[in-house]
Amino acid sequence: MNAFSVRILALVALLAVVGASSAQDDEDKKAASEQKKLAIGFLKKAAIDKIATAETENIQLFTTYPEAKAKTLAESAQKVAMFARKTLKFEDATKLWKGKLTVYVFSDPRTLVAFYRAVEQKKLERDSWFAVNARNDPTYAMIGIDRGEKATDTEISNDVSTIVAATVLNKKAGTGPTTGTLPDWLQIGFGRAMVLRGDSKITAVSAYKAKVKTLVSGSKTKPSAVRANELWEGEKSKDYDLVAASFVEYLVYGPESEKFASILSNFKPTATGAQPTFAAILTELEWKPESLDSGWKKWVTTGK
C-alpha cells in the first residue's frame with residue numbers, strides 16, 4: 001500500500017469518527033431538549049411558576065432562586081460533577097447520563113416535597129432535603145435548601161453541588177429507582193468532600209481540616225466522643241455533615257482507598273431484593289468497624 005492510500009484510509013477513518021461524534025451530539029441535544037420540556041411540564045403540574053434556568057455542558061438547572069443565582073449554581077455544580085467523575089475513575093468514553101442531568105433547586109424544602117410527590121406519585125422520605133435518580137431517563141437531582149433566610153450564596157451553591165456529586169456517585173454504584181439509592185451519609189459525605197476538594201478556596205479547606213482535627217482529637221479535659229460508625233448506626237449528631245465528609249474522604253483518599261470501589265459495588269440488592277447495609281458490607285470486606293474508626297482518626301490527625 002502506497003503512502004497516498006494510507007493517507008486516504010486515515011482520512012476516511014477520521015471522517016467516520018467525526019460523523020459518529022456529530023451524530024452523538026445531535027442525539028444528546030435532542031434528548032436534552034426533550035428533558036427540558038418534560039421538566040417544564042413537571043413544574044407546571046406542581047404549580048411552580050416562577051422559575052429561573054441555566055445550562056452548562058452536562059447540566060440543565062431549574063430554580064426558584066432569582067435568575068442571577070441560577071448561572072452560578074449551574075457552573076459550580078458542573079465543576080464539581082466533573083471533579084467527581086474524575087475521582088471515581090469513569091472511562092473517558094462513558095456517558096454519565098443521556099442528554100443532560102436535570103437539577104431542580106428549591107429555596108423552600110416544602111416545595112421539594114410537593115414537587116417530588118407530583119413527579120414520582122409518592123411521598124419523599126421524611127426529613128429528606130434531596131432526591132436523586134442516576135439510572136433511569138430522565139436523570140435528575142432535586143434539592144430543597146433548608147438553611148433559612150440567612151443562607152449565604154456559598155452555602156446554597158455548596159448544597160447544590162453536593163447533591164449533584166452524589167448523583168454521580170449513585171451512577172458509579174449503579175443505583176436506581178428499583179435498587180434504592182446509597183445511604184444519605186455516604187451521598188452527603190462524598191458530595192461535601194468533592195465540593196471541598198474540587199471547588200473550594202484554600203482558606204475554606206484549611207478551616208475544614210482544622211475543625212475536623214479538633215473534633216476527632218478532642219482535648220485533655222474533654223476527649224472526643226465522635227465515632228465513624230454513628231453514621232451507619234442511625235445516629236445524627238450536630239456534626240453529622242462534618243463527620244460524613246471527613247469519613248468518606250478517608251474512604252476515597254485514605255491508605256485503603258482501593259476498597260472504595262468494592263464498597264460501592266456491594267450496595268447492589270441481594271437475591272431477596274434487600275439492599276445490603278454498610279455494616280454487612282464491612283463484614284464482607286473483612287473490615288472491622290473499630291479498625292475503620294481508628295484508621296480514619298489517625299488519617300485525620302497525621303495525614304497517613
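The structure displayed is predicted, hence computed values, not measured ones.
- Side-chain atoms of K297 do not come within 3.5 Å of backbone N or O of V216 as any donor-acceptor pair.
- When the side chains of ILVMFWY residues are joined at heavy-atom separations under 4.5 Å, either directly or via intervening members, I48 and I143 end up in two distinct hydrophobic clusters.
- Although no hydrogens or angles enter the test, the distance criterion places a donor-acceptor pair under 3.5 Å between the side chain of T63 and the main chain of V105.
- Rounded to the nearest 0.5 Å, atoms CG (N229) and CD (E290) are 7.5 Å apart.
- In this structure, CG on L169 lies 9.0 Å from OG1 on T167, to the nearest 0.5 angstrom.
- Taking 4.0 Å as the cut-off between side-chain N and carboxylate O, E230 and K236 do not count as a salt-bridged pair.
- A cation-pi arrangement is not found for K122 relative to Y116, the charged atom failing to lie both closer than 6.0 Å to the ring centre and inside a 45° cone about the ring normal.
- Listed for the R85 side chain is a donor-acceptor partner under 3.5 Å among the backbone atoms of D92.
- Using a cutoff of 4.0 Å between basic side-chain nitrogens and carboxylate oxygens, K98 and D28 are not scored as salt-bridged.
- Counted by atom type alone, W296 and S246 present one or more donor-acceptor pairs between their side chains at under 3.5 Å.
- Two rings, from W232 and F247, have their centers less than 6.0 Å apart.
- Listed for the T139 side chain is no donor-acceptor partner under 3.5 Å among the backbone atoms of R135.
- In terms of modelled atom types and a separation under 3.5 Å, the side chain of T283 and the main chain of A279 share a donor-acceptor contact.
- Salt bridge D293/R227: absent, no basic N to carboxylate O contact under 4.0 Å.
- W129 CH2 to L112 CG: the interatomic distance, rounded to the nearest 0.5 Å, is 10.0 Å.
- Note on I163: it does not cluster hydrophobically with F42, by side-chain heavy-atom contacts below 4.5 Å among ILVMFWY residues.
- Of all non-hydrogen atoms in K45 and A118, the two that sit nearest each other are NZ-O, 3.2 Å.
- When atom types are taken as modelled, the side chain of N266 and the backbone of S262 share a donor-acceptor pair closer than 3.5 angstrom.
- Relative ring orientation between F278 and W185 is described as perpendicular, the plane-to-plane angle rising above 60° on a 0-90° scale split at 30° and 60°.
- Side-chain atoms of S217 and T301 include no donor-acceptor pair closer than 3.5 Å.
- Here the shortest heavy-atom pairing between V205 and S200 reads CG2-CB, 4.0 Å.
- In this structure, S33 contributes its side chain and K29 its backbone to no donor-acceptor pair below 3.5 Å.
- With Y253 as the aromatic partner, R197 meets the cation-pi criteria of under 6.0 angstrom to the ring centre and within 45 degrees of the ring axis.
- Under 3.5 Å, the side chains of N133 and E120 contain no donor-acceptor pair of N or O atoms.
- Dense packing is recorded around CD of Q121, with more than 12 heavy atoms of other residues, nucleotides or ligands lying under 6.0 Å away.
- The hydrophobic clustering, which links ILVMFWY residues whose side-chain heavy atoms are closer than 4.5 Å, places L61 and L96 together.
- Using a distance-only test at 3.5 Å, with no hydrogens or angles considered, no donor-acceptor pair links the side chain of Q60 to the main chain of T102.
- In this structure, K259 satisfies the cation-pi test against W287, with its NZ or CZ atom closer than 6.0 Å to the six-membered ring centre and inside 45 degrees of the ring normal.
- With K69 contributing its side chain and I156 its backbone, the two residues share no donor-acceptor pair below 3.5 Å.
- Two different hydrophobic clusters hold F130 and L43 under the rule that ILVMFWY side chains link at heavy-atom gaps under 4.5 Å.
- Atom OG in S76 sits 10.0 Å away from atom CG in D153 (nearest 0.5 Å).
- D146 CG to F106 CZ: the interatomic distance, rounded to the nearest 0.5 Å, is 14.5 Å.
- The neighbour count for E57 CD, taken as heavy atoms of other residues, nucleotides or ligands under 6.0 Å away, does not exceed 12.
- Here the CD1 atom belonging to I145 is positioned 11.0 Å from the CG atom belonging to D108, to the nearest 0.5 angstrom.
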